[in-house]
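Notes follow the structure.
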2 protein chains.
Amino acid sequence: MDASDACCAPPGNVDSDAMATDLQVLSAMGNDTRYELLRRIANADDGVCVCDLEATVGVSQSAVSQALSRLYTAGLVTRRKEGSWRYYEPTETTEVLLETLDDLRGNHE
Amino acid sequence: MDASDACCAPPGNVDSDAMATDLQVLSAMGNDTRYELLRRIANADDGVCVCDLEATVGVSQSAVSQALSRLYTAGLVTRRKEGSWRYYEPTETTEVLLETLDDLRGNHE
DNA sequence: AGCTTATACAATCAAGCACTAATACGTTGC
DNA sequence: GCAACGTATTAGTGCTTGATTGTATAAGCT
């Protein structure tokens, strides 16, 4: 209560479960390769397979596979197997976040 | 045109300016220390100074300062100097993104 | 069955990152 | 002026992480 030697009130605590979840999402998206993969997956509405993604981002097939796995673990994409191909689609989390980022870039006051 | 050997349509391009901006935001938030600092700054409405933040997250003053600088560069906090103290406040980007993350965690369908 | 294609997994390596410690800058008060 | 405090910056270091290469699995094709 003595404000004479305190510069401000100490801030409250942070929910650690929420923090872990958010960090997984943010760190998964906050990488060059994975962000671009995510954008491409989100742009194409009817599912994208690994073979095409490999060509568009400039890394090896293995790197794409690893990146997609991490996006999947973070709950940012779903994967569905069809024949010999694997199709990836965005989750709602991805769509909402990308849209939010677009809005924030547009409405820069 | 020949769909027999194509698994799917190649996805469209990604705006590279938008990508750079988003990546700066996402990678800045996608770190343990910086995320926690950001949450604490966002929770306290009337500005937080470094001295209090240092006590709450378990790293040195230097680390806190560096983390805050990066958050500032990414446009996630504003800083204002008042006497010998430096007060940090969240930007709209921060508030919108954290709120979006909260919503996404809540509305898990 | 064997070969090819599509994808995932494992091991290794290099680059980037986040920390600590030390130093420098700026403000306040004696 | 100088000392003490709050914050920023710099230099150095260990750890994390993302990529490559190579191998493994699994499904089609002949």
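The chains referred to below are lettered A, B, ... by the order of the sequence lines, with proteins before strands, and numbering in each begins at 1.
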* Taking CG from B:Asp52 and P from D:dG6, how many angstroms apart are they, rounded to a whole number? -> 10 Å
* For each nucleotide in nucleotides 25-30 of chain C, reading 5' to 3', give B when a protein heavy atom comes within less than 4.0 Å of its base, S when such contact involves only the sugar-phosphate, and - otherwise. => -SSS--
* Closest approach of B:Val25 and B:Leu97, non-hydrogen atoms and distance? -> CG1-CD1, 3.6 Å
* Let me know the distance between OH of A:Tyr87 and P of D:dA27, rounded to the nearest Å. => 16 Å
* Where is the tightest heavy-atom contact between A:Trp85 and A:Cys49, given as atom of each residue plus distance? -> CD1-SG, 4.2 Å
* Asked: Does B:Arg86 have a side-chain nitrogen or oxygen under 4.0 Å from the phosphate oxygens OP1 or OP2 of D:dG6?
  -> no
* Asked: Would you say B:Arg40 and B:Val57 make side-chain contact, with heavy atoms under 4.5 Å?
  -> yes
* To do: Please lay out, stage by stage, how A:Ser27 and A:Arg70 fare under the test side-chain hydrogen bond (donor to acceptor under 3.5 Å, both in side chains).
  => CA-CA 10 Å; A:Ser27 62; A:Arg70 178 141 176 201; 3.3 Å; yes
* Under a 4.0 Å N-O cut-off, is there an ion pair linking A:Arg105 with B:Asp15? -> no
* Distance-only side-chain donor-acceptor flag, A:Tyr72 / A:Arg79, under 3.5 Å -> no
* Asked: Whole-Å distance between C:dC17 P and A:Leu23 CG?
  -> 17 Å
* Asked: Rounded to the Å, how far apart are B:Met29 CE and C:dA18 P?
  -> 14 Å
* To do: Indicate whether OP1 or OP2 belonging to D:dG6 is found under 4.0 Å from a side-chain N or O atom of B:Tyr88.
  => no
* Check A:Glu54 against A:Val64 and note the closest heavy-atom contact, atom names and distance. => CA-CG2, 3.9 Å
* Mind calculating the distance between CH2 (A:Trp85) and C1' (D:dA26) to the nearest angstrom? => 14 Å
* Structure fact -> Overall bend of the helix from C:dA1-D:dT30 to C:dC30-D:dG1 (five pairs an end, 10° steps) is 20°
* Non-hydrogen atoms of B:Ala42 and B:Leu98 that approach each other most closely -> CB-CD1, 3.7 Å
* Structure fact -> Scanning both residues in full, the closest heavy-atom pair of A:Arg34 with A:Ala28 reads NE-O, 2.7 Å
* Between A:Tyr72 and C:dT7, does any side-chain N or O lie under 4.0 Å from OP1 or OP2? -> no
* Structure fact -> Separation of C:dA6 atom P from A:Leu68 atom CG, nearest Å, is 16 Å
* Are B:Gln66 and B:Ser62 linked by a side-chain donor-acceptor pair shorter than 3.5 Å? -> yes
* Could you tell me which non-hydrogen atom of A:Ile41 sits nearest to which non-hydrogen atom of A:Val48, and how far apart they are? => CA-CG2, 4.0 Å
* **Sugar-phosphate or base contact per nucleotide [nucleotides 16-21 of chain D; S, B, -; heavy atom under 4.0 Å]** => --SSBB
